[in-house]
Amino acid sequence: MTLAALTAYAFSGGDAVASAGGGLAAAGTLALVAGLLLRFPVAVPWAVLLVGAGYVVAHVHHSVVDGWAAVVGGALLLAAELAFWSIGSDRRIHEERGLVLRQSLTMVVLVVTAALVSFVLVGAAAVSATSGLLLTAIGVAAAVGAVAVVLRLVR
Amino acid sequence: MTRRASSKLGAYAALSAFGLVAALVLGRPEIVALTAPFLLAVCAGLALGASPRFAAEIDADERAVEGDEIGVRITLTALAPIDRLDVFVRLPPGLRVARGQQARSLRLARGERRELELTVRAERWGAHSLGPVYLRTHDPLGLFATEGMLARTPEIRVYPREDTLRRILQPRETQVFSGSEVARHKGEGIEFADMRPWAPGDPLKRVNWRATARRGEVWVNESHPERNTDVILFVDSFAEARGQDASTLDLAVRATAALADAYIGRRDRVGLISFGGILRWLEPGMGTVQLYRIVDALLDTQIILSYYWTGIDLIPQRTLPPNALVIALSPLLDARSVDALLDLRARGHDLCVLDVSPVPFTTRPSSSVDAVAYDIWILRRDALRHRLQRAGVAVAEWREGIPLQAAVEEVRAFRRHARVARV
């Protein structure tokens, strides 16, 4: 449902570019549905990627920073978390009630915190849009760090 | 315990890396905002993910009888907080969950001790090794999982449920120790046998005063002594016919346990021969300890495919004492066991056969050729029984659902008739 809402948001631009972005997001939503039905966790990052790409195509081509990006980021994380939870859950395993509540609470805290961090980032980007050197340096460092994490996991 | 990253961690890390690179390439801060939540989740997961520290052990009732419920307890003690711990107890065939959860997820606080109760029902006799018990922990964000299993799991010995036998088969010959069986020969006992004229050395208490007064000379009573017997239970484990829930071997084992219990209760010496792919034997003995030995040996009885032509020559002499009653429990499916039974009879052993019928475990085919073959097989089984009976072996067919006592009575009737014929 989260991804469907994001798909609808991608379509909301009204022009041809927005329709293309909406199409990408719709494909991502379908990929997620298929992944959930087949219990195929690899489909989740691809679905998130397609929906995120759809949003970028549909809304991120203006000179002004889109403030909804933080909400979209949080929603994407929420969708991914719920999808992984759904795929990983097994009806044959009896879960204690407190465990489910705690897992739900952890997820809410994570998503809200992530959305807040994204808000801060979007705000910082809007304020210091012209001072690009520092932002670029941080971005490069973050990207390199993330790639390093991926390589470590692959090893 | 093995720690591994979940697919979620790889997915989030890949999304973060791809998003940051795309943001740099496209120069759009919105993409950073989209990526940041996943990067935050990865960082938080790496920071919070620690190796779990806990102790686990499983305990269960070691002995039970078929149909009983067995309590299984899994004790978990956390040395550090565990956000999610999955516990799965794998049950062997023959045990089924009666109450409780076979797979559970729970959370343990630091120092918390939790005892999980599981009740299983023993549905089949045998030595069942419980487990393995699989354990899996997750970190708070589910990015890492640590998996392992309990190295030591208990063994549950499920004894077969026994039929109650009111009367059992009486051997033709008795042994030298005192028991409950009236011997054929005369000696010191309480069962009246005959009278004879007094002879020097006869004790005064044996004088029959009525007969002495009537005949004018001293007559004494003779009696039969009460002796024990040797009984050898011969279980054919070459082949079996198996249905969904039971098999001929199951029935044979139950009957063997019931017979052993009945004979041991009479102070007879009972031995066991498991004649099959693996030849096992237990020398005759008496007492409760011997009964437990026999039942424990029965629990390890299983059908093992073998093409080796085993004969009774391999059985030690002491396992087959002379004058012992040999009770064979066999589905008469394998030629080797049939030959061994005929060989036993030819060597003069007092033999009787309980034919644990495989017929109820089969269905008559619908096609005409197969049905004819099936009928021929049934007729061949009848012919085989008659062949054994011609050799002087009492044979009774026993099927599931029919009391064992009925088959025993059939054998008793045959032996009574054969005894008269021999005279």
Side-chain angles (χ1 to χ4, degrees), chain A residues 41-42 44-45 48-49 52-53 55-56 59-60 65-66 68-70 72-74 76-78 80-81 84-85 88 90 92-96 98-99 102-103 106-107 110-111 113-115 117-119 121-122 124-126 129 132 135-136 139-140 142-147 149-150 152-154, chain B residues 4-46 48 83-88 100-108 114 116 136 138-145:
Chain A
V42 176
V44 178
V48 170
L49 188 67
Y55 162 75
V56 169
H59 288 277
V60 185
V65 174
D66 185 17
W68 285 98
V72 172
L76 285 176
L77 179 64
L78 178 64
E81 283 286 323
F84 276 118
W85 191 359
D90 191 336
R92 292 170 298 180
I93 301 177
H94 176 258
E95 292 182 336
E96 290 181 348
L99 189 71
R102 187 178 172 85
Q103 196 166 349
T106 305
M107 189 191 305
L110 176 68
V111 170
T113 308
V117 169
S118 292
F119 268 122
L121 284 173
V122 169
L135 190 63
T136 305
V140 168
V144 169
V147 171
V149 168
V150 172
R152 180 175 171 274
L153 289 173
V154 170
Chain B
R4 62 173 178 79
S6 67
S7 57
K8 189 168 149 181
L9 177 60
Y12 284 8
L15 282 171
S16 304
F18 183 80
L20 290 175
V21 172
L24 279 174
V25 171
L26 299 175
R28 297 301 306 189
E30 292 93 336
I31 301 177
V32 179
L34 296 183
T35 306
F38 295 97
L39 194 58
L40 177 73
V42 170
C43 294
L46 290 173
L48 296 174
D83 206 69
R84 181 191 174 104
L85 173 61
D86 299 335
V87 183
F88 174 66
Q101 302 294 334
Q102 195 176 353
R104 296 184 68 165
S105 289
L106 57 133
R107 180 178 179 277
L108 292 174
R114 189 81 71 88
L116 306 180
R136 182 173 58 192
H138 299 271
D139 66 326
L141 297 183
L143 299 184
F144 289 99

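The figures that follow rest on heavy atoms only: side chains count, while hydrogens, waters and symmetry mates do not. For clarity, every value in this text was computed on a predicted model and none was experimentally measured. So that the names make sense, note that chain A is the first sequence line, chain B the second, and so on, each numbered from 1.
- Residue A:A53: no heavy atom, backbone or side chain, is found under 4.5 Å from chain B.
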Verdict with reasoning, B:D83 to A:R102, per side chain to side chain contact (heavy atoms under 4.5 Å, CB included):
CA-CA 9 Å; B:D83 206 69; A:R102 187 178 172 85; 3.0 Å; yes
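- Rounding to the nearest 0.5 Å gives a distance of 4.0 Å between CD of A:E95 and CZ of B:R84.
- Contacts with chain B were tallied for A:L110, A:V42, A:T106; A:L110 has the most, counting heavy-atom pairs under 4.5 Å.
- Among residues at least two apart or in separate chains, there is no salt bridge (charged side-chain N to carboxylate O under 4.0 Å, His left out) pair with a member in residues 18-27 of chain B.
- If you tally non-hydrogen atom pairs under 4.5 Å between each of A:A114, A:G98, A:G52 and chain B, the highest count goes to A:A114.
- In this structure, the separation between NE2 on A:H94 and CG on B:D86 is 13.0 Å, given to the nearest 0.5 Å.
- Annotation for B:S105 and A:L99: closest pair CB-CD2, 3.5 Å, computed over non-hydrogen atoms.
- With chain A as the partner, the residue from B:F38, B:F18, B:F88 showing the most heavy-atom pairs under 4.5 Å is B:F38.
- Of the atoms belonging to B:A41, heavy atoms from both backbone and side chain fall under 4.5 Å from chain A.
- To the nearest 0.5 angstrom, B:L40 atom CG is 8.0 Å from A:L77 atom CG.
- A:E81 places a side-chain heavy atom less than 4.5 Å from the side chain of B:Y12.
- Applying the side-chain hydrogen bond (donor to acceptor under 3.5 Å, both in side chains) criterion to B:R114, with sequence neighbours excluded, gives A:E96, B:E112.
- Considering CG of B:L106 and CD1 of A:I93, their distance stands at 11.5 Å, rounded to 0.5 Å.
- Scanning both residues, A:A69 and B:A33, for their nearest heavy atoms gives CB-CB, 3.9 Å.
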